[in-house]
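Heads up: the structure comes next, in structure tokens.
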Amino acid sequence: MEHLIQHFRKDEQPFIEQVIGWQREVEDRYAPKLTDFLDPRQRFIVESVIGQNEDLRIFTEGTFEEAERQRILIAPSYLEPTEEDFQIGVYTIHYPAKFVQLRHPDVLGALLSIGLDRSKFGDIRLGENTVQFALAQEIADYVRANLTGMGKVKVHVEELGSSTPLIQNEEHWVESSYTVSSMRLDVVLATVANISRQKSQSLINGGKVKVNWTVREAVAFELQEGDIVSARGFGRLKVIMTEGRTKKDKIRLQVGRLEQKA
């Protein structure tokens, strides 16, 4: 386990310890453990910690196709879970679409403002005049009772019927190569987003940049392969791989950028 932990960043160790606790719980009780919604980095850590264990299996579910946030069921190897075991409901928000256009931050902010932790709900999908989001069923009644307004607008939350189609993910990644002088966050962001190093540093210092869903305010933060960087106003990028160095000792970097389909 020590060998495993050194592959992760120091500030990820409390989460690793939590995962080890889940593993022990399932082994001791011989009963499955359902997590809250985890982002891809957290799921990668769960798989790294528990994936080696032959007595346990990991199942993931986020209900939406290609869901970014998913719950994990850690289970004894004999168990074959059903959809019900994940306890996820998909809910829609009824709002006066004639007068207001909801955006992703509006919905996220409204859910957080009623006291929810981000791990209690999954992806938020927006379609034409519709909003859908995945929610842990154990808090569904609370959300229905408390999420009654967004800004000045009255809203009403309702569970989606099983016949209603889910909103599809309209994203795809475009890969390109870049050369960078180092793997520092400010350097990579400035290069890929095509902005000045100063602008990149002020975004980072201003808390507007996340690496693997965690705000990072250190400009010299070292990026690694597999990291997902999001900067407000510049979308997302993924460090796919380093492809060695140029003659001038710069790093060749394969980076994916998230593009929204029109």
Inset, instruction - For residues Glu68 and Trp213, determine if any side-chain heavy atom of one lies less than 4.5 Å from a side-chain heavy atom of the other. - result: yes
Legend entry - Minimum heavy-atom distance between Val26 and Pro32, given as atom pair plus value: CG2-C, 4.4 Å
Legend entry - pair Asn212-Arg9: side-chain heavy atoms closer than 4.5 Å: yes
Inset, instruction - Determine whether Leu203 and Lys208 make a side-chain contact, defined as any pair of heavy atoms from C-beta on separated by less than 4.5 Å. - result: yes
Legend entry - Distance, nearest 0.5 Å, that separates CD of Gln132 from OG1 of Thr164: 7.5 Å
Legend entry - Test side chain to side chain contact (heavy atoms under 4.5 Å, CB included) applied to Glu25 - qualifying residues, sequence neighbours left out: Trp22, Arg29, Lys33
Legend entry - Spacing of Glu175 atom CD and Gln254 atom CD [to the nearest 0.5 Å]: 5.5 Å
Inset, instruction - Using the side chain to side chain contact (heavy atoms under 4.5 Å, CB included) rule, take Ile58 and Glu47 through it: C-alpha gap first, then chi angles, then the decisive distance, then the call. - result: CA-CA 7 Å; Ile58 299 168; Glu47 282 157 15; 4.1 Å; yes
Legend entry - Pairs touching residues 181-191 that satisfy side chain to side chain donor-acceptor pair (under 3.5 Å), sequence neighbours left out: Arg184-Asp186, Asp186-Arg197, Asp186-Gln201
Inset, instruction - Return the minimal non-hydrogen interatomic distance between Lys199 and Ser196, and the atom names on each side. - result: N-OG, 3.0 Å
Inset, instruction - Could you pull out all residues at least two apart from Arg125 that satisfy salt bridge (charged side-chain N to carboxylate O under 4.0 Å, His left out)? - result: Asp123
Legend entry - Main-chain N/O of Thr82 paired with Asp85 side-chain donor or acceptor, under 3.5 Å: yes
Inset, instruction - Look at Arg24 together with Asp28 and state whether they make a salt bridge at an N to O cut-off of under 4.0 Å. - result: no
Legend entry - Verify same cluster id: Ile114, Leu108 (apolar side-chain graph, 4.5 Å): yes
Inset, instruction - Check whether Val100 and Phe133 end up in the same hydrophobic cluster, where Ile, Leu, Val, Met, Phe, Trp and Tyr are linked by side-chain heavy atoms less than 4.5 Å apart. - result: yes
Inset, instruction - Search all heavy atoms of Ile93 against all heavy atoms of Tyr95 and return the closest pair with its distance. - result: O-CD2, 3.3 Å
Inset, instruction - Can you sort out the partners of Tyr178 under ring-ring contact (aromatic ring centres under 6.0 Å, His included), two or more places apart, ordered by chain and number? - result: none
Legend entry - Transitive ILVMFWY cluster of Ile240, excluding itself - 4.5 Å side-chain cut-off: Met241
Legend entry - Residues that, via side-chain heavy atoms closer than 4.5 angstrom, fall in one hydrophobic cluster with Leu160: Phe64, Val90, Leu166
Legend entry - Test item: side-chain donor near acceptor, Thr242 and Glu225, under 3.5 Å: yes
Legend entry - Flag, side chain of Asp106 to backbone of Leu102, donor-acceptor distance under 3.5 Å: no
Inset, instruction - With sequence neighbours left out, write down each residue that passes salt bridge (charged side-chain N to carboxylate O under 4.0 Å, His left out) with Glu84, or none if nothing qualifies. - result: none
Legend entry - Pairing of Asp227 and Lys210 as salt bridge, 4.0 angstrom limit: no
Inset, instruction - Please name the pair of heavy atoms, one in Leu135 and one in Ala140, separated by the smallest distance, quoted to 0.1 Å. - result: CD2-CA, 3.7 Å
Inset, instruction - Could you tell me whether the side chain of Arg257 and the main chain of Val192 form a donor-acceptor pair under 3.5 Å? - result: yes
Legend entry - Considering all heavy atoms, the nearest Ala231-Leu189 contact: CB-CD1, 3.9 Å
Legend entry - Spatial distance of atom CG (Leu112) from atom CZ (Arg118) [nearest 0.5 Å]: 7.0 Å
Inset, instruction - Answer yes or no: is there a donor N or O on one side and an acceptor on the other, between the side chain of Ser48 and the main chain of Phe44, under 3.5 Å? - result: yes
Inset, instruction - Indicate yes or no: at least one non-hydrogen side-chain atom of Ile228 is less than 4.5 angstrom from one of Val211. - result: no
Identify every side-chain donor-acceptor pair in residues 147-155 under 3.5 Å, counting partners at least two apart or on other chains, and give the distances.
none

Inset, instruction - Establish whether Val215 and Leu237 are linked, either directly or via other cluster members, by ILVMFWY side-chain heavy-atom contacts under 4.5 Å. - result: no
Inset, instruction - For the residue pair Val180 and Arg252, establish whether any side-chain heavy-atom pair is separated by less than 4.5 Å. - result: no
Inset, instruction - Enter the distance from Ile50:CD1 to Ile45:CD1 here, rounded to the nearest 0.5 Å. - result: 11.5 Å
Inset, instruction - Under the side chain to side chain contact (heavy atoms under 4.5 Å, CB included) rule, collect the residues that match up with Ser119, sequence neighbours excluded. - result: Asp36, Asp117
Legend entry - Heavy-atom side-chain contact between Leu253 and Glu243 under 4.5 Å: no
Legend entry - Single-linkage hydrophobic cluster, 4.5 Å side-chain cutoff, Phe8 and Val229 together: no
Inset, instruction - Answer whether the closest heavy-atom distance between the side chains of Tyr142 and Leu116 falls below 4.5 Å. - result: yes
Inset, instruction - Check for a donor-acceptor pair, side chain of Thr92 on one end and backbone N or O of Val131 on the other, with a separation under 3.5 Å. - result: yes
Inset, instruction - Could I get the full list of salt bridge (charged side-chain N to carboxylate O under 4.0 Å, His left out) partners for Glu138, not counting sequence neighbours? - result: Arg71, Lys120
Inset, instruction - Establish whether Leu126 and Leu111 are linked, either directly or via other cluster members, by ILVMFWY side-chain heavy-atom contacts under 4.5 Å. - result: yes
Legend entry - Any Glu12 side-chain heavy atom under 4.5 Å of Glu17 side chain: no
Legend entry - Euclidean distance, Ile72 CD1 relative to Leu38 CG, rounded to 0.5 Å: 5.0 Å
Inset, instruction - Decide whether Gln18 and Gln13 meet the rule of one side-chain donor and one side-chain acceptor closer than 3.5 Å. - result: no
Legend entry - Apart from Phe59 itself, residues in the same hydrophobic cluster as defined by side-chain heavy atoms under 4.5 Å: Tyr30, Leu34, Phe37, Leu73, Tyr78, Leu79, Phe86, Ile88
Inset, instruction - Calculate, to the nearest 0.5 Å, the distance between atoms OG and CZ belonging to Ser230 and Arg236 respectively. - result: 5.5 Å
Inset, instruction - Applying side chain to side chain contact (heavy atoms under 4.5 Å, CB included), run through Ile74 and Gln23 and close with a yes or a no. - result: CA-CA 7 Å; Ile74 304 163; Gln23 176 174 329; 5.8 Å; no
Legend entry - Polar side-chain atom of Arg103 near backbone of Val107 as donor-acceptor pair, under 3.5 Å: no
Inset, instruction - Apply side chain to side chain contact (heavy atoms under 4.5 Å, CB included) to Phe221 and Ile204, showing your working. - result: CA-CA 10 Å; Phe221 184 83; Ile204 297 163; over 6 Å; no
Inset, instruction - Look at atom CG of Asn194 and say whether more than 12 heavy atoms of other residues, nucleotides or ligands are closer to it than 6.0 Å. - result: no
Legend entry - Salt-bridge criterion met for Glu158 and Arg144 (N-O under 4.0 Å): no
Inset, instruction - Can you sort out the partners of His94 under ring-ring contact (aromatic ring centres under 6.0 Å, His included), two or more places apart, ordered by chain and number? - result: His156
